[in-house]
Amino acid sequence: MKINKNTLTVDEKLAILRAADEIIGQGGRTILAKILKGSRDKKVLVLGLDRCPVYGYFKSEKIADITEKIDWMIDHDFLDIEYFGKLPMIVFTDRGWKIEADQRADELLSEWDLWIEAGKPIPNMEYLKDRNRHMIFLFLDKIKESGDDKYIPYLEAWEKVDYKKVRGKIRETISAIESNAPIDNMAVQKRKEEIEQLLNGAAPQDLILKCWECGNRFVFTVGEQKFFKQKGFQFPKRCPICINKKRIGFKNF
């Protein structure tokens with residue numbers, strides 16, 4: 001199956017990013033594909049990855065086709081591969097993380113809504129401690145923008161257990177809700193438009209690199225970039241001509 005720029009829907013991109021969030025820096029393309037397939041692989045189950053909200057999202061598709069979708073996400077600047085030792089691990093690009101942080105903030109808010117609606121006791125708010133600061137602040141912004149005072153008991157419980165900067169943001173959020181502070185609709189719209197733009201991705205393209213040896217520019221093709229990433233190689237610092245000269249020099253030595 002060949003993937004083109006119109007094949008992946010927004011929901012598919014979001015699902016792949018959400019699944020990737022479970023294994024960032026800890027797993028590669030294979031385990032990510034298995035989460036999305038809904039595999040009963042022992043490793044998936046032992047790590048509790050079957051509890052991921054998008055587990056089995058592509059259950060009707062073949063692993064090879066799911067992997068191709070993941071590769072499309074890598075090629076279009078949502079995800080990347082970094083090597084930890086000899087192991088290739090999935091990581092977010094800046095683009096991918098901005099999208100995923102927004103998605104996770106919405107997920108946290110929906111979770112609170114469900115708990116409040118069900119009348120559940122306020123949980124131990126330690127579960128929010130040590131989360132990514134950008135995502136947590138975004139979560140608090142979304143609570144503030146709701147203007148709903150039903151969140152205040154949760155916020156007050158959270159304020160008691162987190163770090164100083166987060167406590168300050170929580171207190172700011174509570175004050176805004178209590179005082180019915182006006183919502184900055186322009187900021188909300190700007191954030192929404194930024195996410196929509198980021199979801200378009202960035203098509204892979206050839207890079208023009210400068211040779212450290214001779215100073216000349218040379219083309220580093222999309223195919224070469226993909227090969228280097230798959231092998232865990234750093235991008236070349238010398239042009240092909242200087243590389244060949246160096247090789248010839250070694251042979252003649």
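Keep in mind that what you see is a predicted model, and the values were worked out from it rather than measured.
Under the 3.5 Å distance criterion, with hydrogens and angles disregarded, no donor-acceptor pair is assigned to the side chains of Tyr57 and Asp11. The closest side-chain donor-acceptor pair between Gln103 and Glu100 falls under 3.5 angstrom.
Residues Pro236 and Phe228 approach most closely at CD-CE2, 3.6 Å, considering heavy atoms. Closest non-hydrogen pair, Cys211 versus Cys239, comes out as SG-N, 3.3 Å. Closest approach of Leu138 to Ala105, counting heavy atoms only: CG-CB, 4.1 Å. His76 and Pro204 make their closest contact through NE2-CD, 3.7 Å (heavy atoms, listed as atom of the first residue, atom of the second, distance).
A 4.5 Å side-chain heavy-atom check between Val219 and Leu209 finds every atom pair outside the cut-off. At a threshold of 4.5 Å between non-hydrogen side-chain atoms, the residues Lys245 and Arg238 do not count as touching. Side-chain contact between Phe139 and Ile143 is present, with heavy atoms from C-beta onward closer than 4.5 Å. Taking the side chain as every heavy atom from C-beta outward, Arg191 and Lys142 approach each other to under 4.5 Å. Side-chain contact between Asp80 and Ile90: absent, with no pair of heavy atoms (C-beta onward) separated by less than 4.5 Å.
Salt bridge status for Lys69 with Glu12: present, with a side-chain N to carboxylate O gap under 4.0 Å. A salt bridge links Glu107 with Arg104: at least one charged nitrogen is closer than 4.0 Å to a carboxylate oxygen. Taking a cutoff of 4.0 Å between a charged side-chain nitrogen and a carboxylate oxygen, Asp102 and Lys192 do not qualify as a salt bridge. In summary, Arg29 and Glu68 do not engage in a salt bridge, as defined by a charged side-chain N under 4.0 Å from a carboxylate O. Using a cutoff of 4.0 Å between basic side-chain nitrogens and carboxylate oxygens, Arg167 and Asp162 are not scored as salt-bridged.
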Full working for side chain to side chain contact (heavy atoms under 4.5 Å, CB included) between Trp97 and Asn132: CA-CA 11 Å; Trp97 172 242; Asn132 177 271; 3.3 Å; yes

Side chain to side chain contact (heavy atoms under 4.5 Å, CB included) assessment of Leu32 paired with Leu79: CA-CA 12 Å; Leu32 177 53; Leu79 297 170; 4.2 Å; yes

Step-by-step side chain to side chain contact (heavy atoms under 4.5 Å, CB included) determination, Lys150 to Asp113: CA-CA 9 Å; Lys150 71 180 182 180; Asp113 286 337; 3.1 Å; yes

Intermediate values then yes/no, side chain to side chain contact (heavy atoms under 4.5 Å, CB included), Lys34 and Leu49: CA-CA 9 Å; Lys34 287 180 178 180; Leu49 299 174; over 6 Å; no

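Grouping the Ile, Leu, Val, Met, Phe, Trp and Tyr side chains by contacts below 4.5 angstrom, directly or via other members, places Leu17 with Leu109. Linking Ile, Leu, Val, Met, Phe, Trp and Tyr whenever their side-chain heavy atoms come within less than 4.5 Å leaves Val91 and Ile81 in two separate clusters. Taken together through direct or relayed side-chain contacts under 4.5 Å among Ile, Leu, Val, Met, Phe, Trp and Tyr, Ile63 and Trp72 form parts of separate hydrophobic clusters. A continuous path of ILVMFWY side-chain contacts below 4.5 Å connects Ile122 to Ile152, so both sit in one hydrophobic cluster. Residue Leu207 is grouped with residue Phe227 when hydrophobic side chains (ILVMFWY) are merged at heavy-atom distances under 4.5 angstrom, including chains of intermediate members.
Phe58 meets the ring pair (Phe, Tyr, Trp, His ring centres under 6.0 Å) test with no other residue; sequence neighbours excluded.
In this structure, CG in Asp206 is found 7.0 Å from CD in Gln225, a value given to the nearest 0.5 Å. One finds the CG atom of Asp50 at 9.5 Å from the CD1 atom of Ile35 (value rounded to the nearest 0.5 Å). Atom-to-atom distance recorded for Lys37:NZ and Thr67:OG1 is 11.0 Å, nearest 0.5 angstrom. Between Ile31 atom CD1 and Asp41 atom CG the span is 5.5 Å, to the nearest 0.5 Å. Going from atom CG of Asp94 over to atom CG of Asp77 covers 8.0 Å, rounded to the nearest 0.5 Å. How far CG of Asp21 is from SG of Cys52: 8.5 Å, rounded to the nearest 0.5 Å.
Residue Lys98 qualifies as open at atom NZ: its count of foreign heavy atoms under 6.0 Å is 12 or below. Heavy atoms from other residues, nucleotides or ligands lying under 6.0 Å from CD of Glu82 number 12 at most. The number of heavy atoms from other shown groups lying within 6.0 Å of CD (Glu117) does not exceed 12. Counting non-hydrogen atoms of neighbouring residues, nucleotides and ligands closer than 6.0 angstrom, the CD atom of Gln197 reaches no more than 12 such neighbours. Within a 6.0 Å sphere centred on NZ of Lys59, heavy atoms belonging to other residues, nucleotides or ligands number 12 at most. Crowding of Lys43 atom NZ: a count of heavy atoms from other residues, nucleotides or ligands under 6.0 Å not exceeding 12.
One N or O on the side chain of Lys129 and one on the backbone of Val161 form a donor-acceptor pair closer than 3.5 Å. In this structure, Lys13 contributes its side chain and Met73 its backbone to no donor-acceptor pair below 3.5 Å. Tyr55 places a side-chain N or O within donor-acceptor distance of the main-chain N or O of Ser39, the cut-off being under 3.5 Å. Using modelled atom types, one side-chain atom of Asn244 and one backbone atom of Pro240 make a donor-acceptor pair closer than 3.5 Å. Remark: the backbone N or O of Leu198 is paired with a side-chain donor or acceptor of Arg95 at under 3.5 angstrom.
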Report all side-chain donor-acceptor pairs from residues 168-182 shorter than 3.5 Å, counting only partners two or more places apart or in another chain.
residue, atom, partner, partner atom, Å
Lys169, NZ, Asp141, OD1, 2.9
Arg171, NE, Glu159, OE2, 3.4
Arg171, NH2, Glu159, OE1, 2.9
Glu172, OE2, Lys144, NZ, 3.1
Thr173, OG1, Lys169, O, 2.8
Ser175, OG, Arg171, O, 3.0
Ser179, OG, Ser175, O, 2.8
Ser179, OG, Ala176, O, 3.4

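In this structure, the ring of Trp158 has its center no less than 6.0 angstrom from the ring center of Tyr127. Residues Phe92 and Phe78 place their aromatic rings such that the two centres sit no closer than 6.0 Å.
Taking the six-membered ring for Trp and thresholds of 30 and 60 degrees, Tyr154 and Trp115 have nearly parallel ring planes, at less than 30 degrees apart.
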